[in-house]
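Because the structure is a prediction, the values reported are computed rather than measured. In what follows, every heavy atom counts, from backbone to side chain, and hydrogens, waters and symmetry copies are set aside.
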Amino acid sequence: MGPFVSPFDNLLCMLLGISFTVWFTLLLVFIIVPAIFGLSFGIRRLYMNTLLKVFEWATMRIERGAREKNHLVYKPYTNGIIAKEPTSLEEELKEIRRVGSSRDLNGSSSSPTGSSHSSSEFAVSDIFYFCRRGVESIVDDEVTKRFTAEELESWNLLTRSNYNFRHISTRLTALWGLGLIIRYCILLPLRLTLAITGVTLLVVLTTLVGVLPNGRMKNFLSEKVHLMCYRVCVRALTAIITYHHSENKPKNGGICVANHTSPIDVLILASDGCYAMVGQIHGGLMGVIQRSMVKACPHIWFERSEVKDRHLVAKSENKPKNGGICVANHTSPIDVLILASDGCYAMVGQIHGGLMGVIQRSMVKACPHIWFERSEVKDRHLVAKRLSDHVEDKSKLPILIFPEGTCINNTSVMMFKKGSFEIASTIYPVAIKYDPRFGDAFWNSSKFGMVNYLLHMMSSWAIVCSVWYLPPMSRQEDEDAVQFANRVKAAIARQGGLVDLLWDGGLKRSKVKDTFKEEQQKLYSKILVGTHEDRSRS
Amino acid sequence: MGSRASSLLREEDIEEIKKETGFSHSQITRLYSRFHSLDKGENGALSREDFQRIPELAINPLGDRIINAFFSEGEDQVNFRGFMRTLAHFRPVEDNEKNKDPNIEPLNSRNNKLLFAFRLYDLDRDDKISRDELLQVLRMMVGVNISDEQLGSIADRTIQEADTNGDMCISFSEFIKVLEKVDVEQKMSIRFLH
């Protein structure tokens with residue numbers, strides 16, 4: 001049997017060999033090399049426009065199909081489920097009472113002391129306001145929907161974006177199937193290869209650069225290496241990025257703030273310029289990348305530990321770690337980059353006791369770079385100091401910060417943590433807006449893990465986004481950090497076409513602080529008591 | 001994920017909910033996707049924690065009372081039917097459906113809207129608002145900003161004004177009487193989009 005099989009075997013090997021060579025040569029020639037030099041052949045734009053035409057056709061088919069079958073088409077609530085009237089507590093209560101009392105005057109039988117006798121004392125009907133507001137927020141609220149994927153106007157042939165996808169027409173189903181094959185059999189392997197190439201290059205090259213002595217040569221090389229690798233990585237997601245107003249690009253010694261939707265925000269910004277990064281330390285793959293990056297140029301990584309992570313950390317303490325920096329967050333849902341000085345967890349200090357703490361401290365000493373643990377409250381000042389030191393050194397790269405502190409689904413901008421705005425320095429705001437039609441860039445970190453998320457991204461059509469560099473802003477004299485943060489936030493929201501929200505993005509994980517409720521109570525009490533004072537005076 | 005959401009809501013269910021609550025087909029599907037996104041446990045039912053996760057509700061002084069209104073006694077889960085039944089109280093009253101079926105009172109009638117508000121005060125579900133219950137609800141609404149005496153006098157006056165049979169409690173019929181002149185239909189309605 002042997003002699004008969006071996007020629008066939010040889011042929012198979014040869015074919016495989018040839019196809020691999022061809023595959024890699026094509027990759028190298030058409031993607032990696034242009035990527036390294038930052039060129040584009042316009043293939044991606046063409047691809048994008050074709051896709052848009054296909055989506056349009058598909059939506060049309062769905063609507064026609066639904067009309068024929070007399071089905072109602074599911075329309076996503078882009079304008080909300082309900083119409084809310086934005087009235088304040090005071091106005092609303094006055095309105096309720098006014099109606100009550102004016103009818104009283106008109107009606108012949110007015111009750112002797114009822115709701116009529118004062119326009120603003122407690123009335124049983126006051127509860128209507130709270131009740132309606134409460135139920136309205138159950139039906140539709142501003143915050144929670146920012147943490148789930150945005151709903152789309154038209155279907156983009158990804159099953160996960162249409163809530164009631166049904167068999168509508170054979171041609172449409174065939175199209176969807178074709179799309180599935182293209183996405184999983186052609187795009188996904190292509191992107192995986194690219195991603196692996198990019199990340200390997202990044203790790204290897206940054207480590208190599210890290211060996212060089214500090215100096216201009218190192219900085220220059222490090223910048224080139226980073227840019228090159230990010231460009232390859234961006235190709236791995238077929239990201240089509242439009243940069244607007246590049247003249248406002250952050251310069252050295254500044255802080256760049258942007259809204260945060262997903263870990264790839266970093267990639268998108270970094271492929272157009274180098275940044276020093278501030279963020280939490282990750283374990284796993286991310287950890288490897290971070291550690292090698294830190295060697296090449298100073299980034300700031302810190303650890304974000306949540307209260308629930310205590311157990312995880314406690315467990316990992318017992319396992320010997322070879323040179324592991326920090327694996328505390330290895331299995332927990334995490335965001336990539338976060339502003340260092342957002343809220344503090346009092347309990348975190350305890351986490352880093354014991355063996356872990358020793359390892360951490362020695363690592364800090366061994367490594368001259370600015371990464372730190374976020375543990376005690378006093379660390380906040382340390383963070384601020386390190387940031388401002390970094391900023392003052394004009395030779396260092398601008399720092400990239402996502403002051404929202406968490407990923408939002410790119411329909412709104414949420415509260416900016418004030419930390420980065422306390423440092424007196426120029427802020428370069430950046431707005432990133434993804435086009436949700438080609439794939440959802442939002443990372444719902446409480447639902448999907450990092451790898452799962454990346455697979456989602458790589459099996460989507462493309463990542464299309466716009467980046468706007470806004471003119472630099474600096475803090476005015478009569479402004480405090482919070483006001484300044486809000487001003488920057490408003491600018492980003494306006495440019496990106498996002499809803500400007502006051503709510504804290506941290507609500508994704510934690511509950512609202514009681515102080516907000518107390519504020520509401522105070523407001524209502526003022527209406528009640530204010531009148532009492534008036535009455536006693538009169 | 002998407003396909004699962006639709007398979008859970010069958011066409012028959014929609015029809016039944018439509019009949020019971022008066023919501024339209026598209027309103028039901030939209031509210032279902034809202035229900036689904038609130039349901040973090042993905043078990044087809046909402047718990048109290050699921051509601052408390054809505055920040056705007058959590059800062060509502062009466063948030064806990066409103067959440068409570070969704071749960072029948074002794075239950076700690078509410079399914080989509082129950083969820084819709086409670087929401088139906090807040091549908092605006094439309095002219096063409098006022099006298100549709102005189103035998104069945106629609107969930108969004110004036111009476112039912114008032115009953116919903118009454119239940120928010122009636123903590124122990126004994127169909128009476130006692131002075132103590134009124135005080136507790138008032139305390140929820142004002143927090144620590146008003147003294148006990150002041151609040152006590154507010155409660156006393158409110159009960160005196162409403163109480164007609166002298167039992168120092170507000171019964172539902174007395175409650176209706178007090179709010180006779182208030183435009184309950186409008187104040188207890190939410191404009192659901194079509």
A.B. asks: Testing the basics here: between B/Ile66 and A/Gly134, what is the closest heavy-atom pair and its distance to 0.1 Å?
C.D. replies: CD1-CA, 3.7 Å
A.B. asks: For B/Arg139, I'd like to know if atom CZ has over 12 heavy atoms of other residues, nucleotides or ligands within 6.0 Å.
C.D. replies: yes
A.B. asks: Rounded to the nearest 0.5 Å, what separation is found between the CZ atom of A/Phe122 and the CD atom of B/Gln150?
C.D. replies: 14.0 Å
A.B. asks: Can you name the nearest heavy-atom pair linking B/Lys187 to A/Arg132, along with the distance?
C.D. replies: O-CD, 3.2 Å
A.B. asks: Please flag which part of B/Leu57 lies under 4.5 Å from any non-hydrogen atom of chain A: side chain, backbone, both or neither.
C.D. replies: both
A.B. asks: Tell me, for B/Phe35 versus chain A, whether the close heavy atoms (under 4.5 Å) come from the side chain, the backbone, both or neither.
C.D. replies: neither
A.B. asks: With rounding to the nearest 0.5 angstrom, report the CG to CD distance, B/Leu62 to A/Gln520.
C.D. replies: 11.0 Å
A.B. asks: Please lay out, stage by stage, how A/Asp141 and B/Arg34 fare under the test salt bridge (Lys or Arg N to Asp or Glu O under 4.0 Å).
C.D. replies: CA-CA 10 Å; A/Asp141 78 305; B/Arg34 172 67 178 171; 2.7 Å; yes
A.B. asks: Which heavy atom in A/Cys131 sits nearest to a heavy atom in B/Phe90, and how many Å separate them?
C.D. replies: SG-CZ, 3.5 Å
A.B. asks: NZ of A/Lys517: more than 12 outside heavy atoms within 6.0 angstrom?
C.D. replies: yes
A.B. asks: Shorter than 4.5 Å, heavy atoms on both sides: which option in B/Leu134, B/Leu38, B/Leu114, B/Leu138 has the most such pairs with chain A?
C.D. replies: B/Leu138
A.B. asks: Within this structure, what is the CD1-CG distance for the pair A/Ile138 and B/Leu87, rounded to the nearest 0.5 Å?
C.D. replies: 7.0 Å
A.B. asks: Select one option (side chain, backbone, both, neither) describing which atoms of B/Leu151 are under 4.5 Å from chain A's heavy atoms.
C.D. replies: neither
A.B. asks: What residue pairs, at least two apart or across chains, pass side chain to side chain donor-acceptor pair (under 3.5 Å) with a residue in residues 60-77 of chain B?
C.D. replies: B/Arg48-B/Asn68
A.B. asks: What part of B/Phe192 gets within 4.5 angstrom of chain A, counting heavy atoms only: side chain, backbone, both, or neither?
C.D. replies: both
A.B. asks: Do B/Leu120 and A/Phe130 come within less than 4.5 Å of each other through their side chains, counting heavy atoms only?
C.D. replies: no
A.B. asks: Indicate yes or no for a side-chain donor-acceptor contact from A/Ser525 to the backbone of B/Asn145 under 3.5 Å, with no hydrogens or angles considered.
C.D. replies: no
A.B. asks: Looking at CD1 of B/Ile190 and OG of A/Ser137, how far apart are the two atoms once the value is rounded to the nearest 0.5 Å?
C.D. replies: 8.5 Å
A.B. asks: If you count heavy-atom pairs under 4.5 Å between each of B/Met188, B/Lys113, B/Glu56, B/Lys177 and chain A, which one has the most?
C.D. replies: B/Glu56
A.B. asks: I'd like to verify something: which residue of B/Ala69, B/Ala58, B/Pro61 has the highest number of heavy-atom pairs under 4.5 Å with chain A?
C.D. replies: B/Pro61
A.B. asks: Need one label for B/Ile67: side chain, backbone, both or neither, based on atoms under 4.5 Å from any heavy atom in chain A.
C.D. replies: neither
A.B. asks: Does A/Phe516 CZ have over 12 foreign heavy atoms under 6.0 Å away?
C.D. replies: no
A.B. asks: So, using salt bridge (Lys or Arg N to Asp or Glu O under 4.0 Å) as the criterion, who are the partners of A/Glu519 when residues are at least two apart?
C.D. replies: none
A.B. asks: Is the side chain of A/Gln521 donor-acceptor paired with the backbone N or O of B/Val144 at a distance under 3.5 Å, no angle test?
C.D. replies: no
A.B. asks: Report which part of B/Thr86 has an atom under 4.5 Å of a heavy atom belonging to chain A: side chain, backbone, both, or neither.
C.D. replies: neither
